[in-house]
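There's a structure below that I have some questions on.
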Amino acid sequence: MIAITEDRRMLGYGSLDAYPDIIHFVTTRTGGCSEGAYGSFNCSPFAGDEPERVARNQERLLQGLPQRPIELIIPHQTHSPRCLVIDGEYLSKSREEQRELSAGVDATLTDIKGYCLCVSTADCVPVLLYDTVRKAVAAVHAGWRGTVQGIVEHTLQQMAVQYGAEGKDVVACIGPSISQASFEVGEEVYDAFRDAAFPMEQIAVRNPQTCKPHIDLWEANRLQLLAFGVPASQIEIAGICTYKEHETFFSARRLGIASGRILSGIMIK
């Protein structure tokens with residue numbers, strides 16, 4: 001990944017950085033003011049951190065961007081396959097109505113300039129999408145439940161409905177998240193992927209010592225991108241395991257649920 005800020009508290013993707021009409025970022029753990037398991041650069045308002053510290057961290061994030069967004073759109077995620085279109089109708093509603101609409105949403109998409117779409121993760125997979133022709137963006141939170149339910153596929157289909165998106169025009173980035181080597185799961189999770197018709201020979205292995213399955217969430221989401229027609233050459237995978245690199249990136253498996261979150265965002269300038 002590339003550095004967005006000189007101190008590397010915010011990173012990015014080379015494939016998205018090639019397009020001057022968008023801004024994107026991925027936060028790390030460093031460079032903020034939060035403490036303990038939220039230390040130090042937690043920008044998520046839904047992780048249990050002190051609101052004042054979250055606000056200060058968000059302000060530091062905004063100051064590090066080349067253009068200040070009108071707003072950070074951060075939905076309250078619940079591991080669902082729900083997508084929310086950020087359009088004129090949504091933006092015309094009151095703050096309370098917007099909060100209600102974004103509750104239980106795990107992906108947002110827009111073609112409106114200036115609104116930064118964000119997802120919060122700490123081992124789950126953040127996916128950023130950009131339609132280079134129709135100038136539309138999306139941010140997706142793909143935990144294992146969302147991945148099983150096809151959250152990336154649903155988001156791409158919604159981009160097609162809303163903007164006419166075609167796979168050949170989409171650039172996709174799969175961000176820092178838990179790797180297959182670290183993602184040991186129970187049989188019920190393995191069965192959920194198998195029952196959803198994922199090719200288990202491609203996304204699952206068993207630990208030879210424990211015989212427990214390990215799922216490759218990066219590949220499971222890459223397959224959804226490929227199925228929509230996104231060229232393999234336009235899919236960038238960060239290849240960073242949050243569980244292994246928990247000192248740089250938040251990991252719920254390492255730190256517990258009451259801990260900080262990585263914030264990934266994308267915006268049309």
Side-chain angles (χ1 to χ4, degrees), residues 1-32 41 43 57-74 86 107-121 124-142 152 155-156 159 163 165-177 179 218 221-222 224-226 228-242 245 248-250 261-269:
M1 299 185 75
I2 63 172
I4 298 296
T5 56
E6 288 187 7
D7 60 5
R8 293 189 67 84
R9 72 179 185 276
M10 291 159 61
L11 305 177
Y13 304 98
S15 56
L16 289 176
D17 193 57
Y19 296 93
D21 49 347
I22 60 169
I23 289 171
H24 77 287
F25 62 83
V26 177
T27 63
T28 64
R29 288 189 64 178
T30 60
F41 196 32
C43 295
N57 286 336
Q58 288 184 0
E59 179 58 31
R60 180 128 198 226
L61 183 156
L62 294 171
Q63 290 175 357
L65 297 177
Q67 186 180 105
R68 191 180 182 93
I70 298 169
E71 183 181 345
L72 296 173
I73 306 284
I74 309 175
I86 306 302
T108 53
L109 53 151
T110 195
D111 64 349
I112 299 178
K113 298 176 181 179
Y115 289 87
C116 187
L117 308 184
C118 302
V119 286
S120 310
T121 59
C124 292
V125 182
V127 183
L128 299 182
L129 305 172
Y130 176 48
D131 183 330
T132 62
V133 173
R134 292 150 197 90
K135 309 303 181 185
V137 294
V140 185
H141 164 251
V152 166
T155 305
L156 288 164
M159 290 178 76
Y163 317 119
E166 298 180 53
K168 64 182 178 64
D169 302 319
V170 173
V171 174
C173 294
I174 295 174
S177 43
S179 65
W218 302 346
N221 284 287
R222 192 182 78 94
Q224 293 180 45
L225 293 163
L226 292 172
F228 187 75
V230 180
S233 61
Q234 291 169 204
I235 302 172
E236 181 176 348
I237 301 175
I240 294 171
C241 177
T242 47
E245 300 193 32
T248 304
F249 299 92
F250 290 108
R261 298 292 186 270
I262 300 164
L263 199 68
S264 299
I266 188 166
M267 179 186 87
I268 309 164
K269 287 184 182 177

### Query
Which pair of heavy atoms, one from Tyr13 and one from Pro176, lies closest together, and at what distance?
OH-CD, 3.8 Å
### Query
If you measure from OG1 on Thr27 to CD1 on Ile4, what distance do you get to the nearest 0.5 Å?
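Thr27 atom OG1 to Ile4 atom CD1 measures 11.5 Å (nearest 0.5 Å).
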### Task
Tell me, with the steps shown, if Leu128 and Val137 meet side chain to side chain contact (heavy atoms under 4.5 Å, CB included).
CA-CA 8 Å; Leu128 299 182; Val137 294; over 6 Å; no
### Message
Could you walk me through whether Tyr130 and Val170 satisfy the side chain to side chain contact (heavy atoms under 4.5 Å, CB included) test, starting with their C-alpha distance in whole Å, then the side-chain angles of each, then the deciding distance to 0.1 Å, before giving a yes or no?
### Response
CA-CA 5 Å; Tyr130 176 48; Val170 173; over 6 Å; no
#### Entry: SB check Arg134 Asp111 (cutoff 4.0 Å)
no
### Residues Cys118, Cys116; criterion side chain to side chain contact (heavy atoms under 4.5 Å, CB included); working and verdict
CA-CA 6 Å; Cys118 302; Cys116 187; 4.0 Å; yes
### Task
Just jot down the side chain to side chain contact (heavy atoms under 4.5 Å, CB included) partners of Cys124, sequence neighbours excluded, or say none.
His79, Thr121, His141
### Test side chain to side chain contact (heavy atoms under 4.5 Å, CB included) applied to Pro69 and Ile23, Leu61, Leu62, the passing residue
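Output: one option passes, namely Leu62.
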### Query
Looking only at atom types and distance, does a side-chain atom of Thr28 sit under 3.5 Å from a main-chain N or O of Met10, one as donor and one as acceptor?
no
### Message
Suppose the criterion is side chain to side chain donor-acceptor pair (under 3.5 Å): which pairs have a residue in residues 229-239, not counting sequence neighbours?
### Response
Ser15-Glu236
### Task
Scan side-chain atoms only and decide if Trp218 and Ser179 contain a donor-acceptor pair under the 3.5 Å cut-off.
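The criterion, which ignores hydrogens and geometry beyond distance, is not satisfied for Ser179 and Trp218.
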### Ile74 side, atom CD1; Leu72 side, atom CG - distance, nearest 0.5 Å
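With rounding to 0.5 Å, CD1 (Ile74) is 5.0 Å from CG (Leu72).
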### Task
Check for a donor-acceptor pair, side chain of Lys269 on one end and backbone N or O of Lys113 on the other, with a separation under 3.5 Å.
no
### Query
Any donor-acceptor pair under 3.5 Å linking the side chain of Thr132 with the backbone of Asp169?
yes
#### Entry: For Ser264 against Pro126, the heavy-atom pair lying closest together
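So the two residues come closest at OG-CB, 3.5 Å.
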### Task
Return the minimal non-hydrogen interatomic distance between Ala138 and Met159, and the atom names on each side.
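Residues Ala138 and Met159, closest heavy atoms: CB-SD, 3.8 Å.
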### Query
So does Asp7 pair up with Arg60, basic N to acidic O under 4.0 Å?
yes
### Message
Going by the rule side chain to side chain contact (heavy atoms under 4.5 Å, CB included), which residues pair with Arg29 if we only count those two or more places apart in sequence or in a different chain?
### Response
Phe250, Leu255
#### Entry: Given Leu263, Thr5, Leu11, Ile266, the one that forms side chain to side chain contact (heavy atoms under 4.5 Å, CB included) with Phe25
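It is Leu263, the one option of Leu263, Thr5, Leu11, Ile266 that forms the side chain to side chain contact (heavy atoms under 4.5 Å, CB included) with Phe25.
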### Message
Would the distance check show the side chain of Glu71 and the main-chain N or O of Tyr115 forming a donor-acceptor pair, the cut-off being under 3.5 Å?
### Response
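No; zero donor-acceptor contacts below 3.5 Å.
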### Message
Nearest 0.5 Å, please: how far is CG in Asp17 from SG in Cys173?
### Response
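Output value for this atom pair is 10.0 Å.
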### Query
Can you list the steps and then say if Val152 with Leu156 is a side chain to side chain contact (heavy atoms under 4.5 Å, CB included)?
CA-CA 6 Å; Val152 166; Leu156 288 164; 4.0 Å; yes
#### Entry: Closest non-hydrogen atom pair between Arg8 and Ala3, with its separation
NH1-CB, 3.5 Å
